[in-house]
Novice: 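After the structure tokens below, expect a handful of questions from me.
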Amino acid sequence: MTLNRTMQLFARWHVWLGWLVGFPILMWTITGLVMVARPIETVRGEGLQAKPAQVDPAGLVFPALTARLESARLVQQPDGPVWIVTEQGGGQYRYSAKDGSAISPVIETDARLLALATYAGEGTLETIKYFPADLAPLDLRRKADSWQAHFTDGTNIYLDDKTGEVLAFRTRWWRVYDVMWGLHIMDLQTREDTSHPVLIVFAALAAVGAAIGCTLLFRRRKARPKA
């Protein structure tokens with residue numbers, strides 16, 4: 001008798017928990033399905049990214065610098081090879097690897113050439129927009145002065161305002177994936193917090209509801225009369 005009452009109590013809890021966590025479970029299932037519908041390489045747009053051009057090491061000149069450096073990298077850009085220099089204070093600058101001269105920050109014409117050199121898809125460049133760090137778009141995912149190159153296939157390429165390097169490569173499917181991810185972790189604002197009270201509470205309730213459901217299923221099968 002006690003066991004039957006316990007099972008009845010479990011059944012009531014299971015029903016109430018089902019009403020409480022039914023929508024989150026459905027949302028987690030749908031968003032998870034959407035996120036795995038395309039390979040992650042397609043989401044990232046790896047097939048749309050041009051391979052980095054090789055740099056000819058002949059005749060390269062390193063700039064004469066007085067500040068202490070954290071790193072220096074050699075990359076190929078449309079106007080030729082450049083040094084991307086990071087100082088110890090965090091500042092980044094670019095210098096010509098042909099004569100060591102400093103190169104001014106990226107302007108719209110430079111951003112257009114850099115975006116076209118980076119993109120290998122079939123779309124055409126539609127717009128070039130500058131975004132200061134405090135107005136950075138959500139899909140950039142960082143506070144940085146940047147140029148956004150938007151292509152007709154929905155691809156956005158973000159370029160660093162100082163160095164011209166690619167900060168982010170976002171496809172149309174990436175933005176769909178991003179919304180699904182935000183729903184999945186219940187954080188549509190930043191879409192980065194995977195450990196917050198709302199998510200933890202609903203996940204715990206869903207786990208309890210599933211455990212009770214499994215218990216009820218097992219007990220009911222055991223209680224069936226044998227033929």
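Keep in mind it's a predicted model, so treat the numbers as computed, not measured. We're numbering straight along the sequence, starting at 1. We use all heavy atoms of the structure for the numbers below, so side chains are in, but hydrogens, waters and symmetry mates are not.
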Novice: Say you draw a straight line from CZ of Arg44 to CH2 of Trp173; how long is it, rounded to the nearest 0.5 Å?
Specialist: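 CH2 of Trp173 is found 15.5 Å from CZ of Arg44.
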Novice: Under the ring pair (Phe, Tyr, Trp, His ring centres under 6.0 Å) rule, collect the residues that match up with Phe151, sequence neighbours excluded.
Specialist: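 Partners of Phe151 by the ring pair (Phe, Tyr, Trp, His ring centres under 6.0 Å) criterion, ordered by chain and then number, come out as Tyr119.
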Novice: Would you please name every residue forming a salt bridge (Lys or Arg N to Asp or Glu O under 4.0 Å) with Asp153, sequence neighbours left out?
Specialist: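 Per chain and number, Asp153 pairs via salt bridge (Lys or Arg N to Asp or Glu O under 4.0 Å) with no residue.
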Novice: Donor-acceptor pair, Asp145 side chain versus Asp161 backbone, under 3.5 Å?
Specialist: no
Novice: Taking ring pair (Phe, Tyr, Trp, His ring centres under 6.0 Å) as the cut-off, I'd like each qualifying pair that reaches into residues 44-90, sequence neighbours left out, listed once.
Specialist: Phe62-Trp83
Novice: Determine whether Leu140 and Leu135 fall in the same hydrophobic cluster, where Ile, Leu, Val, Met, Phe, Trp and Tyr are linked whenever their side-chain heavy atoms lie under 4.5 Å apart.
Specialist: no
Novice: Mind checking whether Tyr177 and Val36 sit in one hydrophobic cluster, side chains of I, L, V, M, F, W, Y counted as touching below 4.5 Å?
Specialist: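 Tyr177 does not cluster with Val36.
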Novice: Asp134: what forms a side-chain contact (heavy atoms from CB on, under 4.5 Å) with it, not counting sequence neighbours?
Specialist: Pro132
Novice: Whether the side chain of Arg141 engages the backbone of Ala168 through a donor-acceptor N/O pair (distance < 3.5 Å, no angle test) should be reported.
Specialist: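 Checked: no pair found.
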Novice: Which residues pass the side-chain contact (heavy atoms from CB on, under 4.5 Å) test with Glu41, sequence neighbours left out?
Specialist: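 side-chain contact (heavy atoms from CB on, under 4.5 Å) list for Glu41, sorted by chain: Pro39, Glu46.
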Novice: Quick check for you: to the nearest 0.5 Å, what is the distance between Tyr93 atom OH and Thr86 atom OG1?
Specialist: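 If we round to the nearest 0.5 Å, Tyr93:OH and Thr86:OG1 are 10.0 Å apart.
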Novice: Distance from Gln148 atom CD to Arg170 atom CZ, nearest 0.5 Å?
Specialist: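 Gln148 atom CD to Arg170 atom CZ measures 11.5 Å (nearest 0.5 Å).
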Novice: State the CH2-CZ distance between Trp147 and Phe131, to the nearest 0.5 angstrom.
Specialist: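 Between Trp147 CH2 and Phe131 CZ, I get 10.5 Å after rounding to 0.5 Å.
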Novice: I need the Leu48 CG to Thr155 OG1 distance, nearest 0.5 Å.
Specialist: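 Atom-to-atom, Leu48:CG and Thr155:OG1 are 5.0 Å apart.
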Novice: Identify the heavy atoms of Leu114 and Pro78 that sit nearest to each other, and give their distance.
Specialist: CD2-CD, 3.3 Å
Novice: Show which side-chain atoms of residues 27-35 pair as donor or acceptor with protein atoms under 3.5 Å away, not counting sequence neighbours.
Specialist:
from, atom 1, to, atom 2, distance (Å)
Trp28, NE1, His184, O, 3.2
Thr29, OG1, Ile25, O, 2.8
Thr31, OG1, Met27, O, 2.7
Thr31, OG1, Trp28, O, 3.2
Thr31, OG1, His184, ND1, 2.8

Novice: Among all residues two or more places apart in sequence or in another chain, which pass the side-chain contact (heavy atoms from CB on, under 4.5 Å) test with Asp160?
Specialist: Lys162, Thr163, Leu167
Novice: Grab the two heavy atoms, one from Gly45 and one from Thr171, that are nearest each other, plus how far apart they are.
Specialist: CA-CG2, 3.5 Å
Novice: Tell me, please, which residues at least two apart from Arg38 pass salt bridge (Lys or Arg N to Asp or Glu O under 4.0 Å).
Specialist: none
Novice: What I'd like to find out is whether the side chain of Pro81 reaches to under 4.5 Å of the side chain of Leu74, using heavy atoms alone.
Specialist: yes
Novice: Checking Val166 now: which residues fulfil side-chain contact (heavy atoms from CB on, under 4.5 Å) with it, not counting sequence neighbours?
Specialist: Thr118, Ile157, Leu159
Novice: If hydrophobic clusters are built from ILVMFWY residues whose side chains come within less than 4.5 Å, do Val82 and Val61 share one?
Specialist: no
Novice: Under 4.5 Å between side-chain heavy atoms, counting indirect links through other Ile/Leu/Val/Met/Phe/Trp/Tyr residues: same cluster for Leu125 and Tyr130 or not?
Specialist: yes
Novice: Determine all donor-acceptor pairs shorter than 3.5 Å in which one atom belongs to a side chain in residues 196-214; sequence neighbours excluded.
Specialist:
from, atom 1, to, atom 2, distance (Å)
His196, ND1, Leu199, N, 3.4
His196, NE2, Ile185, O, 2.7
His196, NE2, Met186, O, 3.3

Novice: Return the set of residues passing salt bridge (Lys or Arg N to Asp or Glu O under 4.0 Å) with Glu70 (not counting sequence neighbours), or none when no residue passes.
Specialist: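 With sequence neighbours excluded, Glu70 shows a salt bridge (Lys or Arg N to Asp or Glu O under 4.0 Å) to no residue whatsoever.
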Novice: Please identify each residue that fulfils salt bridge (Lys or Arg N to Asp or Glu O under 4.0 Å) with Arg94, with sequence neighbours left out.
Specialist: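 Only Asp110 meet the salt bridge (Lys or Arg N to Asp or Glu O under 4.0 Å) criterion with Arg94.
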Novice: Should Val176 and Trp174 be counted in the same cluster of Ile, Leu, Val, Met, Phe, Trp and Tyr side chains packed under 4.5 Å apart?
Specialist: yes
Novice: With rounding to the nearest 0.5 angstrom, report the CD to CH2 distance, Glu192 to Trp181.
Specialist: 10.5 Å
